[in-house]
Amino acid sequence: MNSLNTKHLEALERANQEIEAKKDRIAKSRYRLQYHFMAPTGWINDPNGLVQYKGEYHLFYQFYPYASSWGPMHWGHAKSQNLVHWEHLPVALAPSESYDSGDVTGYGCFSGSAVVDGDELVLIYTGHVDGNMPQQVQNIATSTDGISFEKYTQNPVVDHFPVDGTHDFRDPKVWQHDGKWYMVVGTKNDGKGKAVLYVSDDLKDWIYKGVTAESNGTQGDMWECPDLFPINQNHALIVSPMYGTQNEKPFYVIGEMDYDQGIFTQGVNRTLDYGFDFYAPQTLVDEKGRRIMIAWMEKWLTKMPSQEFGWAGAMTIPRELFLEGDILKQMPVPELAELRSDYKKLDALEVTDKVTVYEQQESVAEISLDINVNETEASIFGIQLRCSADGKERTEILLDLENKEVVMDREQAGCGEKGMSKAPLAVKQDGTIHLHIFMDTTSIELFVNDGEQVITNRIFPDEASRQFNLFTKGGKVSVNSIETWKLDSVWK
Ligand code: FRU
């Protein structure tokens with residue numbers, strides 16, 4: 001064993017011991033989610049290295065096991081047969097080498113991706129060392145059992161940012177096309193966020209191709225976590241943009257990829273998720289050919305009530321992506337239906353003013369509503385979730401039929417961040433609007449019209465706030481059906 005591996009193994013062991021020591025207490029702590037992915041201890045942010053390897057799904061993630069706030073980054077690791085039930089595995093990467101570690105704070109194994117190369121699972125990640133010049137470089141680590149990873153002895157595989165970039169140069173996403181490996185990396189220059197492209201035959205020697213896409217002037221000055229992938233006859237580019245020090249809502253662009261020139265031509269550009277708690281999404285293509293996306297269900301620099309209890313951060317539910325026309329739709333993966341029980345259905349309901357659907361709604365639930373707004377005079381159709389008996393605490397979903405907006409209002413939602421998330425609202429051709437809601441103890445994911453718009457937010461209401469109400473303003477709205485399910489915990 002060389003000294004390089006010894007240092008890494010020691011750092012991993014320390015992290016794994018920390019998890020062992022704390023995980024039982026954390027598992028019982030406040031605000032834990034029931035069917036969303038969370039780390040066993042500490043802090044998580046971006047999903048990394050999403051991949052299916054030897055039939056199993058792997059999820060890695062930005063991880064700091066020692067505290068509930070960000071610290072030197074490790075790659076936490078879990079696997080799953082079905083994208084729903086996850087098994088925690090030993091930490092995959094820990095900061096240990098000159099290219100991913102340092103004596104000052106603010107370093108470690110930053111975000112990246114994973115690919116299967118023959119029998120090997122290969123992780124491609126950014127090493128960040130504050131004070132180094134350049135401070136961000138790209139590295140690889142490999143495994144043949146999908147559990148223990150060895151950092152490549154010749155790391156870094158890209159030891160300097162390209163001429164078009166600057167020292168912010170991170171989050172490699174690798175995929176294969178026509179027998180070659182391609183890698184996009186996020187960077188910035190001249191006040192513009194950019195995705196730069198590399199090509200390789202072996203994942204070790206990378207040739208710089210150039211800027212594959214960059215901000216048109218309105219899309220941020222730094223691009224984090226770019227993900228570029230084929231979908232139908234097109235390509236989609238997903239970016240988590242920064243404006244100065246502010247992280248903004250990830251967007252997607254549908255466009256055309258010219259692999260020879262290395263250029264992605266941007267077509268339409270839309271917000272991927274209109275919620276506050278959705279950042280750094282990453283996709284994988286699975287063995288069934290599905291394009292599946294998972295994001296960090298929290299955001300930088302926000303109030304995180306769970307931190308007080310030793311942990312922070314979770315992942316969204318896995319969502320399958322579909323391109324319809326130039327709209328990228330997101331649908332919860334069908335495997336989630338395994339968690340359903342206690343099915344209830346209400347047919348045809350006329351709502352004027354306010355109706356209480358359930359006094360005691362399950363707080364971990366799925367709700368599907370089909371709403372008919374064909375001939376309504378109403379200006380607003382609203383849903384109150386996690387509402388207290390006195391009505392003071394609540395999270396509202398509002399269909400603003402006048403302004404053609406769907407709003408998630410968490411001004412009165414409990415002790416977390418407040419704010420209103422707004423997305424454009426389109427009524428379907430038959431005059432209906434379909435809402436599909438996934439509630440967990442401290443989150444709501446709302447899918448509008450088969451995932452055309454999505455809003456993801458964390459909420460921190462009182463456990464007792466469980467009323468489920470419907471209301472309208474200015475007229476009557478007919479609801480064709482309401483279906484609800486209780487969802488099981490995956491963390492028993
Ligand atoms: C995005 C990000 C990445 C970086 C990682 C560090 O949330 O800032 O750009 O690699 O988090 O944890």
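Whatever order the structure lists ligands and atoms in, that order sets their numbers, starting from 1. Computed from heavy atoms alone, side chains included, the values below leave out hydrogens, waters and symmetry copies. Residue indices begin at 1 and follow the sequence shown.
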Out of all atoms in ligand 1, which are within 4.0 Å of some heavy atom of [X]? Include the element for each.
{"X": "Met73", "answer": "12 (O)"}
{"X": "Ser111", "answer": "5 (C), 10 (O)"}
{"X": "Tyr279", "answer": "1 (C), 7 (O)"}
{"X": "Trp70", "answer": "12 (O)"}
{"X": "Asp171", "answer": "3 (C), 4 (C), 9 (O), 10 (O)"}

Closest approach of any protein heavy atom to atom 8 (O) of ligand 1, naming residue and atom: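 Result for atom 8 (O) of ligand 1: Glu224 OE2, 2.8 Å.
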Closest protein heavy atom to atom 12 (O) of ligand 1, given as residue, atom name and distance to 0.1 Å: Gln62 OE1, 2.7 Å
Sub-4.0 Å heavy-atom contact, Asp46 with ligand 1: yes
Centroid-centroid distance, His160 to Tyr208, less than 6.0 Å: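 That pair fails the under 6.0 Å test.
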Structural part of Asn45 in contact with ligand 1, heavy atom criterion under 4.0 angstrom: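 Under 4.0 Å from ligand 1, Asn45 contributes side-chain atoms alone.
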Ring geometry between His77 and Phe60 (parallel below 30°, tilted from 30 to 60°, perpendicular above 60°):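 Phe60 vs His77 ring planes: parallel.
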Partners passing side-chain hydrogen bond (donor to acceptor under 3.5 Å, both in side chains) against Asp202 (at least two apart in sequence or in another chain):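 Counting only residues at least two positions away or on another chain, Asp202 forms a side-chain hydrogen bond (donor to acceptor under 3.5 Å, both in side chains) with Ser200.
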Contacts of type side-chain hydrogen bond (donor to acceptor under 3.5 Å, both in side chains), residue Asp326, not counting sequence neighbours: Arg270
Any N or O of Arg170 closer than 3.5 Å to N or O of ligand 1: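 N/O-N/O distance under 3.5 Å: yes.
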Donor-acceptor contact present, side-chain Asp46 to main-chain Ala280, <3.5 Å: no
Residue pair Gln282 / Asn48, side-chain donor-acceptor N/O under 3.5 Å: no
Steps toward side-chain contact (heavy atoms from CB on, under 4.5 Å) verdict (Asn139, Lys151): CA-CA 8 Å; Asn139 308 302; Lys151 294 178 182 172; over 6 Å; no
